[in-house]
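Every number for a ligand or one of its atoms is a count from 1 in the order of the listing.
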Amino acid sequence: MLNDCLFCAILGGEIPCSKVYEDDYVLAFRDINPQAPVHVLVVPKEHIACALDIGEENSFFVSKCFEAIAKIAKAEGLENGFRVVNNCGIDGGQSVMHLHFHLIGGEKFAEKII
Ligand code: DGP
């Protein structure tokens, strides 16, 4: 497994996923443990460990992730709204150290985190 990184292994096709979107910069697939009717992980194809490692040299991938999020949200019927969540680091509850955005929706969420 490249870098011992689970999402790099998914990007490399070594581990299967339920793909919902792909372009040259981004892969998006359904979370294995969905927390909402729609729960998609949007992952840059470059290994960026977490949000702390975003800089001028790689922020392009973040833009591409959010372009993908808009496309996926429309394709998944989330025009009424959705949330995008990024967990960063130990205190943020990140469990896979490859930058990713959780796109969750398909229901009206009862609670707001913020
Ligand atoms: P986070 O905790 O923010 O690092 O999110 C990691 C997410 O990755 C978590 O919601 C579960 C998901 N996940 C873990 N392993 C796999 C896997 O093998 N396949 C898929 N599709 N999702 C996974």
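Checked by distance only, ligand 1 and V96 come closer than 3.5 Å through their nitrogen or oxygen atoms. Considering backbone and side-chain N/O atoms, R30 comes within less than 3.5 Å of an N/O atom of ligand 1. Of the polar atoms of D31, at least one N or O is found under 3.5 Å from an N or O of ligand 1, judged by distance alone. Where the criterion is an N or O separation shorter than 3.5 Å, residue side chain and backbone included, H102 meets it with respect to ligand 1. Ligand 1 has no nitrogen or oxygen under 3.5 angstrom from a nitrogen or oxygen of I10.
In this structure, the ring of H98 has its center no less than 6.0 angstrom from the ring center of H100. In this structure, the ring of F66 has its center less than 6.0 angstrom from the ring center of F101.
Ligand-side atoms of ligand 1 in range of G93: 2 (O), range being under 4.0 angstrom from any heavy atom. Below 4.0 Å from some heavy atom of F7 lie the following atoms of ligand 1, by number and element: 8 (O). For ligand 1 and Q94, the ligand atoms under 4.0 Å from any heavy atom of the residue are 4 (O).
In this structure the side chain of M97 never reaches within 4.5 angstrom of the side chain of C5, judged on heavy atoms. With contacts defined as side-chain heavy-atom distances shorter than 4.5 Å, the pair L78/L103 qualifies. Counting heavy atoms from C-beta outward, I54 and S59 have side chains that approach closer than 4.5 Å.
Atom 13 (N) of ligand 1 has its closest protein heavy atom at I32 CG2, 3.6 Å. Atom 2 (O) of ligand 1 has as its closest protein heavy atom S95 OG, 2.8 Å. Here the protein heavy atom with the shortest distance to atom 1 (P) of ligand 1 is H100 NE2, 3.2 Å.
Between the Q94 side chain and the V96 main chain, a donor and an acceptor come within less than 3.5 Å of each other.
Ionic pairing of E76 and K71 is not present here: no N-O contact between side-chain nitrogen and carboxylate oxygen is shorter than 4.0 angstrom.
Under 4.0 Å from ligand 1, not a single heavy atom of N86 appears.
Within the structure, the closest approach of L6 to ligand 1 falls below 4.0 Å when heavy atoms are considered.
Note on L41 and I10: same hydrophobic cluster, where clusters join Ile, Leu, Val, Met, Phe, Trp and Tyr whose side-chain heavy atoms are under 4.5 Å apart, directly or indirectly.
Ring geometry, F60 versus Y25: the interplanar angle exceeds 60°, so the pair is classed perpendicular (tilted spans 30 to 60°).
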